[in-house]
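Atoms considered below: every heavy atom in the structure, side chains included; atoms not considered: hydrogens, waters and symmetry mates. Sequence positions, counted from 1, serve as the residue numbers for this chain.
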Amino acid sequence: MNKKLNQISRPTVLSVALLSAMATQSVVAAELIELDTLEVSGNTITPETNSVNAEQIEKLQANDLEDLFSQSPEVTIGGGVDIAQKLYVRGVEDQLLNITIDGAQQATRLYHHNGRITIEPELLKRVEVNAGAGNALSGPGALGGSVKFVTKDPEDMLKPGQQFGGLLKGTFSSNTDSFKTNTSLFGRLTDDWSAMVSYTQNKPDEYEDGDGNEQAGTSFDQDYLFAKVVGHLTDSQTIRLSYEKRKDEGERTARPQWIVSSFNQLFPMESERETVTLNYELNPVENQYVDLNLTVFNTDSDLFNDGRFGPYYGSGESRGFDLRNTSNIGMHKVTYGLDYRHDETTAGDPTDKEAAEEKSKVKGVYIQDDIQLTDALLLSAGLRYDDYELEDNNDVDFDETEVSHNIGINYHFTDYFSAFVSYAEAFKGPLAQDAFKLDGWSKDPNLKPEDADNTEFGVAYESPTLFASAKVYQSNINDLIGDPLFGARVYENVGDLESDGYILRVGNRWDNLMASLSFHHNDAEVDGEDANAYEHGGIANTIGDTWIAQFDYELNQQWAFGWNARFVKGEDNIETSVGDIDKAGYGVHDFYAQWLPSTTDDVRITLTVRNVFDKNYLDHASNGDFEHIAGYEGVKGLNEPGRDVRLSVAWQF
């Protein structure tokens, strides 16, 4: 399939698709085939297997990214402590993804040894993951895919007929001997307006690994404030205004993704993110041509690190908008729009916190057409045009533009059985870099933009009981931008990434039981060498073959139980420029039980046991263990937490 696609020019492939759609205008439009239990997130062609909903989040008692995605086969989180956690989709790091919270893009990068994405799961409604370069709606820079976090509305919290309510929740965690609290108030201001405010506080001690060893630098104080107002201006207009502020402080190692060592001591570190987002929807019931969505956002991020070189500050601001409309015209569902983002990154010491500065802009125009050619055949094709501008800290300007194409088909042989094939491109120009590398680093004036292409083929079976799917993919990201580990302090094109693999999933639903098993194999290579987080930071990592088993059982309306297990095969003799490393395999089991003492759901008691058998392991998505190599003592990620018994009591009134 790849060879055939490569023999045809990309514009030609798209042109054939669009001409085919125009030639079938006379065909009577058919209703989209409904797949009641298949969750497709933002991609009408490729079946989705990575999304997470609020019910799963509650049962997992998720505290961080790793908890959130523990049941997702294509998503892996490493780093140990949450501030250092990095997200990988099919082995590709989150710097090459488009990440949004309620549509607000999370774009700035402050410190390469920290994770780029931090989230409080308590008020998430769902998480949508699209793996690989997707369609034109994935947003700018989605080289390896997109991740969309969506928060709850006040109306999601209210019981039917309720005008005002609250939620008090406390969670005890045995591993960190901590008590996490959440207080939320929500209610209707009028028949058309509702509001909520929520405050979450978490102050865990240092966690212990599976051998009972405390992991230094993993205690912290976190505060999270969230507020949202929702108004139904008319029957067809809805507005949402949300505000969130997340603050984290504690004693961290100078490089939080590595263990404490002679060169990696503990220092005070503080981070803060503040986001304001406005969402507006216009969807007249009798107008098939208008389904308008507008997102306007402003995100400010700050990091203070009192490290070995003294106190240093890094800040980032992203502001922008996304305006899109969907029109249903015959067999066509056309979504088109434009987006804009302006980023500013600054850094400096206490005497001048903005001594170094970079500014960048991203402007995009896009169109995606889902065409129901027949009852069984769906064709999707789209275009995206992006313009990247950068003013770097050394007064060098960059301006890159490009058009990205995508095309895919999904054919239903029966109501339950379907097959798909898709091809998509993505593009990303130079952007403002890591705040802690602004001062002292430069960019190659001949820097090329990054280009990605992703080809997938798969089949899916989805009945009311049995479900199964298989996907094969090949992703390429060319002209990667980075600063070589042992080179001069210059951002340049460091090579090409190839991420290939396949995903298998099978499961069944009974009246009160669901069981599933999934498998993911991935090879991520940079210029033919296995990716590793030490040399290929910000790009990719090698993750061993991964099995995920899941069981959920509802005894009755009051009792529910579940078990989840992740098994990762070891990887030996991973070649790096300083020597070979091994990644040991591991198996981790989680269990939950939830009890509703009353059928009115006023009180929910949830027991979750993470890492039931107290496995001591280093996650494959963390920095590998280089300590056996002379001169690299201390270059090792943190072992993951051992057994953690979490007991929560939630009272909604």
Side-chain angles (χ1 to χ4, degrees), residues 10-11 92-100 105-110 112 116 132-146 299 316-322 337-346 356-367 382-406 424-435 437-438 441-454 475-484 490-497 526 537-540:
R10 297 171 182 174
V92 180
E93 193 174 322
D94 53 61
Q95 289 194 27
L96 301 176
L97 310 176
N98 183 289
I99 313 287
T100 60
Q105 296 179 33
Q106 307 298 303
T108 55
R109 289 171 280 180
L110 299 183
H112 51 287
R116 190 170 68 91
N135 63 29
L137 310 181
S138 295
L143 301 174
S146 63
T299 298
E317 180 184 13
S318 286
R319 57 182 184 271
F321 69 87
D322 181 0
L338 63 156
D339 49 38
Y340 170 84
R341 192 182 77 238
H342 181 272
D343 301 334
E344 290 186 26
T345 304
T346 61
E357 180 182 49
E358 289 193 346
K359 298 180 180 180
S360 59
K361 297 178 182 178
V362 186
K363 293 170 281 188
V365 181
Y366 54 86
I367 182 170
L383 294 169
R384 181 176 182 90
Y385 169 83
D386 288 301
D387 180 4
Y388 284 77
E389 298 178 18
L390 169 65
E391 301 174 23
D392 83 351
N393 190 47
N394 298 295
D395 297 322
V396 179
D397 293 340
F398 297 85
D399 191 345
E400 300 287 348
T401 62
E402 197 167 305
V403 176
S404 305
H405 310 76
N406 71 83
E425 301 169 350
F427 157 72
K428 185 178 182 182
L431 289 172
Q433 295 297 331
D434 182 339
K437 287 187 176 182
L438 284 184
W441 271 257
S442 61
K443 295 179 180 62
D444 181 350
N446 298 314
L447 201 60
K448 299 177 183 177
E450 297 168 303
D451 285 287
D453 62 78
N454 181 65
S475 298
N476 301 289
I477 304 177
N478 299 320
D479 297 318
L480 292 159
I481 297 175
D483 57 324
V490 177
Y491 280 95
E492 58 188 43
N493 296 112
V494 296
D496 302 330
L497 168 66
V526 179
I539 297 174

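For the pairing with Asp483, the side-chain hydrogen bond (donor to acceptor under 3.5 Å, both in side chains) check across His112, Lys443, Gln433, Lys437 returns one residue only, Lys437.
The side-chain heavy atoms of Leu390 and Leu431, taken from C-beta on, include no pair separated by under 4.5 Å. No side-chain heavy atom of Asn478 sits under 4.5 Å from any side-chain heavy atom of Glu450. Put simply, the side chain of Glu389 does not reach to within 4.5 Å of the side chain of Asp397, judged on heavy atoms. Trp441 has its side chain out of reach of Asn394: every pair of non-hydrogen atoms, C-beta onward, lies at least 4.5 Å apart.
Looking at Glu93 and Arg116, no side-chain N of the basic residue comes within less than 4.0 Å of a carboxylate O on the acidic one, giving no salt bridge.
In this structure, the side-chain hydrogen bond (donor to acceptor under 3.5 Å, both in side chains) partners of Thr299, at least two apart in sequence or on a different chain, are Thr275. Applying the ring-ring contact (aromatic ring centres under 6.0 Å, His included) test to Phe427 and every residue at least two apart in sequence or in another chain returns Tyr388. The side-chain hydrogen bond (donor to acceptor under 3.5 Å, both in side chains) check on Gln106 picks up nothing, with sequence neighbours excluded.
When every heavy atom of Asp386 is checked against every heavy atom of Gly364, the shortest pair comes out as OD1-CA, 3.5 Å. Closest of all the heavy-atom pairs between Asn393 and Ala356 is OD1-CA, 3.5 Å. Residues Thr345 and Ala432 share a closest heavy-atom pair of OG1-CB, 3.5 Å.
When only modelled atom types and interatomic distance are considered, Ser318 and Asp343 share a side-chain donor-acceptor pair under 3.5 Å.
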Could you walk me through whether Arg341 and Asp339 pass the salt bridge (charged side-chain N to carboxylate O under 4.0 Å, His left out) test, one step at a time?
-> CA-CA 7 Å; Arg341 192 182 77 238; Asp339 49 38; over 6 Å; no
